[in-house]
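All values below were derived from every heavy atom in this structure, side-chain atoms included, with hydrogens, water molecules and symmetry-related copies excluded.
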Amino acid sequence: MNKGWEQHKLGGVAKIIGGGTPNTKIPAYWNGTINWYTPVEIGKKIYINESQRKITLDGLKHSSAKLLPKNSVLFTSRAGIGKMAILGEEATTNQGFQSIIPIAKELDSYFLFSLSNQLKYYGETHGAGSTFTEISGKELAKFKLILPKLNEQKIISKLIMMMDKLISLQQRKLNQLKRLKRAMLQQLFVDKNCKQPILRFKNFNDNWEERKLSDIANYRNGKAHEQYIDMNGIYTVVNSKFISTNGKVKKFSNKPIELLKKGEIAFVLSDVPNGKALAKAYLIDSDNRYSLNQRIAGITPSSDINSYFLYILMNRNRYFLKFDDGVGQTNLSKKDIEEFKENYPLFDEQQKIANLFSKIQILITLQQNKLTQLTTLKKYLLQKLFI
């Protein structure tokens, strides 16, 4: 324990108050001026100032909802325990909360918010209930936290707040780049209802031509590797999660394997346990030696098709989703893939478009790295300071 820091129970340094819902059948209780939050509104922002629905003074008086002061910390107590936010304005909540009102001379709101991971874990492990897990105010009050004096709390809070602002700024920049990419995908590619893209580079006027994948690329299936995986092998096995963690494979003369080379596309043919990787394309952009397993197709574009352009097309197109019934495992066939139709411009225009999206993706990756570094730094600071 840091010198001068003392252990407290949450109930000793804060009041914990539940919420309530006015009778929804009485119009006079609703559409007033008092903020009234539900758990679905919590989690995206640290400070919140305005709720989706509001109640009237009569609604407040005739329900178990309580008016919480500014800087109260909201804590969701059921069905998603542990989401937190700080009130920027006074408000009420429904019964899905155990809200925490810090005692002014004992506990800083932002300091408490910085303990969100600990509070969430405590809520999840100390909750009870047969229908759904819920933590009571009485149980939450037993949460133990180690606190320095208030002035030191405020110094720590200020530092963490600066980190949170930097993280939020970098997240906004990342979101802007992703929105730019989505907008450019809509503007620079041909959709079903038009023969030409909305936006084109200067001096490109030729019509785009619809072509099947079988006409513009070579398709091949991978092989099962289960019987000859070798941790000391020379080819990394590519599976439906893209890069396998179960070793490498040697090239046996009696069991030929399909290899991927730089500029080729690995395409996922079947569901993985989380169901999200089906029909995902990966562009091989290194000279590492990759071997396909049976859930991956290798696609080699012909000389008049830009690899990155085809990679973008295959990832943005919803054609493949029609094969997914949402029930059993989906397995795409060679025919399913080769029948894939899209519109293609001439090679030079493909290359222009591919280069643009390659640069945008580099910016997105760099921004994501900045965000990851800041998040890691914050985690390190929290561990070293008091968690």
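In this structure, CD in E41 is found 9.5 Å from NZ in K83, a value given to the nearest 0.5 Å. Atom CD1 of I299 sits about 13.0 Å away from atom OH of Y311, to the nearest 0.5 Å. Between atom CG of residue L374 and atom CG of residue L169 there is a gap of 9.0 Å, rounded to the nearest 0.5 Å. Taken from CG in N94 to OG1 in T76, the straight-line distance is 10.5 Å, to the nearest 0.5 Å. Between the CG atom in N205 and the CD atom in E349 there is a gap of 8.5 Å [rounded to 0.5 Å]. In this structure, the separation between CG on L283 and OG on S307 is 6.0 Å, given to the nearest 0.5 Å.
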Indicate every side-chain donor-acceptor pair of residues 176-187 with a distance under 3.5 Å to a residue at least two apart or in another chain.
| from | atom 1 | to | atom 2 | distance (Å) |
| --- | --- | --- | --- | --- |
| K181 | NZ | Q361 | OE1 | 2.8 |

Tell me which donor-acceptor pairs under 3.5 Å the side chains of residues 157-167 have, and how far apart each pair is, sequence neighbours excluded?
| from | atom 1 | to | atom 2 | distance (Å) |
| --- | --- | --- | --- | --- |
| S157 | OG | D108 | OD2 | 2.6 |
| S157 | OG | F111 | N | 3.0 |
| S157 | OG | Q153 | O | 2.9 |
| D164 | OD1 | K378 | NZ | 2.6 |
| D164 | OD2 | Y110 | OH | 2.6 |

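Q367 has its side chain out of reach of N175: every pair of non-hydrogen atoms, C-beta onward, lies at least 4.5 Å apart. Counting only heavy atoms from C-beta outward, the side chains of T330 and S270 never approach each other to under 4.5 Å. Contact annotation: the side chain of Q7 never approaches that of L145 to less than 4.5 Å [non-hydrogen atoms, C-beta and beyond]. Contact annotation: the side chain of I296 never approaches that of N221 to less than 4.5 Å [non-hydrogen atoms, C-beta and beyond]. Annotation: side chain of W208 is in contact with side chain of P197 (closest heavy-atom distance under 4.5 Å). The shortest side-chain heavy-atom distance between Y282 and I265 does not fall under the 4.5 Å cut-off. Side-chain contact check for D58 versus T56: some heavy-atom pair is nearer than 4.5 Å. Residues F75 and I135 have side chains in contact (heavy-atom distance under 4.5 Å, counting atoms from C-beta outward).
Taking 4.0 Å as the cut-off between side-chain N and carboxylate O, E90 and K66 do not count as a salt-bridged pair. Salt bridge status for E339 with K212: present, with a side-chain N to carboxylate O gap under 4.0 Å. Salt bridge E124/K120: present, at least one basic N to carboxylate O contact under 4.0 Å. The residues E139 and K142 are annotated as salt-bridged, a charged nitrogen and a carboxylate oxygen being separated by less than 4.0 angstrom.
Residue I17 is found in a hydrophobic cluster whose other members, listed by chain and number, are Y37, I42, I48, L68, L74, L87, F97, I101; membership requires side-chain heavy atoms under 4.5 Å apart, directly or through intermediates.
The backbone N or O of P345 sits less than 3.5 Å from a side-chain atom of Q350, completing a donor-acceptor pair.
Within the structure, ring-ring contact (aromatic ring centres under 6.0 Å, His included) pairs that include any residue of residues 133-181 comprise Y122-F143 (at least two apart or interchain).
Remark: the E152 side chain and the W5 side chain contain an N/O donor-acceptor pair separated by less than 3.5 Å. There is no side-chain donor-acceptor pair under 3.5 Å between R53 and T38. A donor atom on one side chain and an acceptor atom on the other are not found under 3.5 Å apart for N355 and Q351. No side-chain donor from either of N218 and T300 sits under 3.5 Å from a side-chain acceptor of the other. For S302 and D304, the side-chain atoms include at least one donor-acceptor pair closer than 3.5 Å. Between the side chains of D336 and S333, at least one donor N or O sits under 3.5 Å from an acceptor N or O.
Linking ILVMFWY side-chain heavy atoms closer than 4.5 Å, directly or via other members, places L107 and I146 in a single hydrophobic cluster. Linking Ile, Leu, Val, Met, Phe, Trp and Tyr residues whenever their side-chain heavy atoms come within less than 4.5 Å leaves I103 and F113 in two separate clusters. In the hydrophobic clustering of this structure, M84 does not group with V40; members are Ile, Leu, Val, Met, Phe, Trp, Tyr whose side-chain heavy atoms approach within less than 4.5 Å, directly or through other members. Residues V13 and I86 are members of one and the same hydrophobic cluster, defined by side-chain heavy-atom contacts under 4.5 angstrom among Ile, Leu, Val, Met, Phe, Trp and Tyr. Placement of I305 and L346 in two distinct hydrophobic clusters is found when ILVMFWY residues are connected by side-chain heavy-atom separations under 4.5 Å, directly or transitively.
Remark: S168 pairs with R172 by the side chain to side chain contact (heavy atoms under 4.5 Å, CB included) rule, at least two apart or across chains. Here F323 pairs with Y319 under the ring-ring contact (aromatic ring centres under 6.0 Å, His included) rule; sequence neighbours left out.
The two residues L67 and L60 make their nearest non-hydrogen contact at N-CD1, 4.0 Å. The two residues N315 and A279 have their closest heavy-atom pair at OD1-O, 4.4 Å. Summarising the geometry of Y344 relative to R211, their closest heavy-atom pair is CE1-O, 3.8 Å, with the distance given to 0.1 Å. What you find for P22 and I55 is that their closest heavy atoms are CG-CG2, 3.8 Å. Taking both residues in full, the closest heavy atoms of G19 and S64 are given as O-OG, 3.5 Å, listed atom of the first, atom of the second, then distance. Closest of all the heavy-atom pairs between A281 and M314 is CB-CB, 4.0 Å.
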Show your reasoning for whether side chain to side chain contact (heavy atoms under 4.5 Å, CB included) applies to L310 and N306.
-> CA-CA 6 Å; L310 179 57; N306 179 279; over 6 Å; no
Stepwise side chain to side chain donor-acceptor pair (under 3.5 Å) test for Q95 and T21 | CA-CA 7 Å; Q95 56 272 34; T21 302; 2.6 Å; yes
Begin from the C-alpha positions of N23 and S63 and carry the test side chain to side chain contact (heavy atoms under 4.5 Å, CB included) through to its verdict.
-> CA-CA 8 Å; N23 192 326; S63 72; over 6 Å; no
Begin with the C-alpha distance, continue with both residues' side-chain angles, and end with the deciding distance and a verdict on side chain to side chain contact (heavy atoms under 4.5 Å, CB included) for F189 and I353.
-> CA-CA 9 Å; F189 284 85; I353 294 171; 3.7 Å; yes
Start with the C-alpha distance between N35 and S51, add both sets of side-chain angles, then the distance that settles side chain to side chain donor-acceptor pair (under 3.5 Å), and finish with yes or no.
-> CA-CA 5 Å; N35 285 320; S51 61; 3.3 Å; yes
Let me see the working for W30 and W36 under side chain to side chain contact (heavy atoms under 4.5 Å, CB included), right down to the final yes or no.
-> CA-CA 10 Å; W30 296 92; W36 180 80; 3.8 Å; yes
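In this structure, F267 and F320 have tilted ring planes: the angle between them lies in the 30° to 60° band. Classification of the Y29-H62 ring pair by plane angle, with boundaries at 30° and 60°, yields parallel.
The neighbour count for Y121 OH, taken as heavy atoms of other residues, nucleotides or ligands under 6.0 Å away, does not exceed 12. The number of heavy atoms from other shown groups lying within 6.0 Å of NZ (K54) is above 12.
No option in K370, Q368, Q373 other than K370 meets the side chain to side chain contact (heavy atoms under 4.5 Å, CB included) test with Q170.
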